**Q** 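So that we are looking at the same thing, I have put the structure below in structure tokens.
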There are 2 protein chains.
Amino acid sequence: MSSKTVSKALSILDVFTPDRPAWGLRDIARELEISHTIVHRLLKTFEEEGYIFQNPETHKYELGIKFIQLSNTVEERLRISDLINPIMKNISVETGESVVFTVIDNEEGLFVKIVESEHQVRFAESVGKRGPLYIGASHKVILAHLPDEVQDKIINQGFLDHAPQLVSKKSLLETLEFIRQQGWFYTAGETLNDAAAISVPVFDPKKNVLGSISVAGPSYRFTKEQAEKVLPVINKYIDKIDDIFSKVFFPSRRDYLLKNIT
Amino acid sequence: MSSKTVSKALSILDVFTPDRPAWGLRDIARELEISHTIVHRLLKTFEEEGYIFQNPETHKYELGIKFIQLSNTVEERLRISDLINPIMKNISVETGESVVFTVIDNEEGLFVKIVESEHQVRFAESVGKRGPLYIGASHKVILAHLPDEVQDKIINQGFLDHAPQLVSKKSLLETLEFIRQQGWFYTAGETLNDAAAISVPVFDPKKNVLGSISVAGPSYRFTKEQAEKVLPVINKYIDKIDDIFSKVFFPSRRDYLLKNIT
DNA sequence: CCTTTTGGTTCGATAATAGAACCAATATTC
DNA sequence: GAATATTGGTTCTATTATCGAACCAAAAGG
């Protein structure tokens, strides 16, 4: 049994996003349908512990720098700065484009690390951004390598609502099959309007997908032909990356996801 | 009144550090002197929400990638990637050394952002690291500009215990006075054995210290003479940095600290 | 000037938490 | 390899912290 109070408290953290980083007390209460009294107590608790602060001028609440600290502990554990980052930098230098490390977390993809290319406008702020697994090469490549049951679950849950604007379920499943065959995938303008990317899956020792490595650039320049040229560079390093995760436990809700299906 | 359950829960997060990122259930219970039953329930709650995961092989618990996501929300709010980072990069390119942005949080200094110089072995993993304000140029420069009462409190609390290995309180106070006069400070081998740094304070619109900007390099090369050469470069940009924080609320326990004194 | 909304507080009924006592399964010790 | 200690995990009730309606004063909004 888990703690209801703490669950409620943690649900508060989720309302803070880059798009909406500052919230009024009563706004949070309405959003989560919790009494504002409770939200108030929880916010004050977070504040005491350094996790959330109230802007004295606007009276709104915001996440605190404590998360920068904790995030670092996670990144160190994942060996991002010392092992993954150097490889990503190599790929970036050799291809001249930006490199993105994406990870699966609870039916969504999460950008965990981005190495920007030297000669390029930086991407819209994206580390820490979450999104559904059926949009963008970095995410589709992950979805393609998940077990069928998980794919079904994910597609049936969120995908069908957005289907009209996108493609049919059948066509998506065909794409996923194609990705599995090919081992990589290229998309343009899916995650960001004017960006294109080529992605390759990353596996753990048990051959389960855990994320993907992408090389991305502006659509006008980074065409499919261009993208295919960088493929050998990615492939040169992909085994090393897989190798890192044969030694590092991966702290995401992936196992959770896999377990709840089988 | 704040929530006891949530306070307890949050205190668990603090045990996870880069030095000790994985903990057994009962280890945490002992460390925090909480019944292991409670720790277990709280850990499971964190796990459900994606904040903590149990390594299935070692059975130990670790922080999850959710913190990478939340950390990004904070960094965006602080305008780190889009405003601070470019300035730090400029300083790094023009000096050829690494640049560190340090921030005050609850009587401690916290490394919030590090831009590594191209031609250098990277620093020991340090973003997210906390430390007492009386060690290292980046931290001392902050301490020097805090109100006297706060200085006293901080020095009397932690400093005197370490005093034997360090300097006398009197000599520290003289150093702080000197820093205030000079406006910058250089140290070698304090935070890291073989690293040296020169630091300049960063202020908010009300002229309260909020952090510092440092240029750092390996001790053997980054002598005091070398350091003084980079000073003009830092000073060239320091107003811009102060300016950023005239528009951005700073979510740390600094106000808390200042308020509890006066 | 009146109304609405804001962040914040009080307090008794109630529902969630605490933790001793209990597993089974590994490690550790001898 | 039998005995012991320690691990993560669970159960259950007395207790206690949480919940939330009703309540502020202050600031926006009309």
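Residue numbers begin at 1 in each chain, while the letters A, B, ... track the order of the sequences. Keep in mind that this is a model prediction, so the values were computed, not measured.
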**Q** Would you say B:R41 reaches D:dC12's phosphate, i.e. side-chain N/O to OP1/OP2 under 4.0 Å?
**A**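 For D:dC12, OP1/OP2 do not have a side-chain N/O of B:R41 under 4.0 Å.
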**Q** Does B:K8 put a side-chain nitrogen or oxygen below 4.0 Å from OP1 or OP2 of C:dA18?
**A** yes
**Q** Report the distance from atom CG of A:L43 to atom P of C:dT9, rounded to the nearest whole Å.
**A**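 To the nearest whole Å, that distance equals 12 Å.
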**Q** Distance between the P atoms of C:dT6 and C:dC2, in whole angstroms?
**A**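 So the two P atoms sit 22 Å from each other.
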**Q** Would you say the side chain of A:S35 and the base of D:dA21 hold a donor-acceptor pair, judged only by whether the two atoms sit under 3.5 Å apart?
**A**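 Under the 3.5 Å cut-off, the side chain and the base do not form any donor-acceptor pair.
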**Q** Could you tell me how far apart A:I38 (CD1) and C:dG7 (C1') are, to the nearest whole angstrom?
**A**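 Atom-to-atom, A:I38 to C:dG7, this comes out as 16 Å.
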**Q** Give me the distance, rounded to whole Å, that separates D:dG20 from D:dC24 when you measure between the C1' atoms they each carry.
**A** 16 Å
**Q** OP1, OP2 of D:dT7 versus side-chain N and O of B:Y61: anything below 4.0 Å?
**A** no
**Q** What is the distance from CG of B:D27 to P of D:dA5, rounded to the nearest Å?
**A** 19 Å
**Q** Under the 3.5 Å rule, do the base of C:dA20 and the side chain of B:T37 count as making a donor-acceptor pair?
**A**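 In this structure, the two groups form a donor-acceptor pair.
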**Q** Give a yes/no answer on whether the side chain of B:T5 brings an N or O atom under 4.0 Å of OP1 or OP2 in C:dA16.
**A** no
**Q** Are OP1 or OP2 of D:dG9 and a side-chain N or O of B:K44 less than 4.0 angstrom apart?
**A**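 It does, given that an N or O in the side chain of B:K44 lies less than 4.0 Å from OP1 or OP2 of D:dG9.
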**Q** Using heavy atoms to find the nearest nucleotide of DNA chain C for A:K4 and A:L25 separately, return the residue whose nucleotide is more 5′.
**A**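 Of the two residues, A:L25 wins.
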**Q** Just to confirm, is there a sub-4.0 Å distance from OP1 or OP2 of D:dT7 to any side-chain nitrogen or oxygen of B:K60?
**A**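 Answer is no, no contact under 4.0 Å.
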**Q** Answer yes when A:D105 and B:K66 have at least one side-chain N-carboxylate O distance shorter than 4.0 Å, and no when they do not.
**A**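 No salt bridge links A:D105 with B:K66.
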**Q** Consider side chain to side chain donor-acceptor pair (under 3.5 Å). Of A:E48, A:K44, A:E49, which one does B:S2 pass it with?
**A**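 Going through the options one by one, the only one that passes is A:E48.
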**Q** Is A:H36 side chain donor-acceptor paired with the C:dG8 base, going by distance under 3.5 Å alone?
**A** yes
**Q** In whole angstrom, give the distance that lies between atom CD1 of A:I28 and atom C1' of C:dG8.
**A** 14 Å
**Q** Could you state the atom-to-atom distance from CG of A:L42 to C1' of C:dG7 in whole Å?
**A**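 Atom-to-atom, A:L42 to C:dG7, this comes out as 15 Å.
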**Q** Any side-chain donor-acceptor pair under 3.5 Å between A:T5 and B:T5?
**A**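 No, no side-chain donor-acceptor pair sits under 3.5 Å.
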**Q** Reckon A:H40 has a side-chain N or O less than 4.0 Å from the OP1 or OP2 of C:dG7?
**A**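 No, no such contact exists.
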**Q** Output the rounded distance in Å from CD (B:E47) to P (D:dG8).
**A** 13 Å
**Q** Between B:R26 and D:dT6, is there a contact of a side-chain N or O with OP1 or OP2 at under 4.0 Å?
**A** no
**Q** Drop me the distance from A:N72's CG to B:I68's CD1, to the nearest 0.5 angstrom.
**A**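 With rounding to 0.5 Å, CG (A:N72) is 9.5 Å from CD1 (B:I68).
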**Q** Closer than 4.0 angstrom, basic N to acidic O: yes or no for B:K240 and B:D243?
**A** no
**Q** In whole angstroms, how far is the P atom of D:dG8 from the CD1 atom of B:I52?
**A**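 Going from B:I52 (CD1) to D:dG8 (P), I get 14 Å.
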**Q** Find the distance A:H59:NE2 to D:dA25:P and express it as a whole number of Å.
**A** 17 Å
**Q** Output yes when B:D27 and B:R30 qualify as a salt bridge under the 4.0 Å nitrogen-oxygen rule, no when they do not.
**A** yes
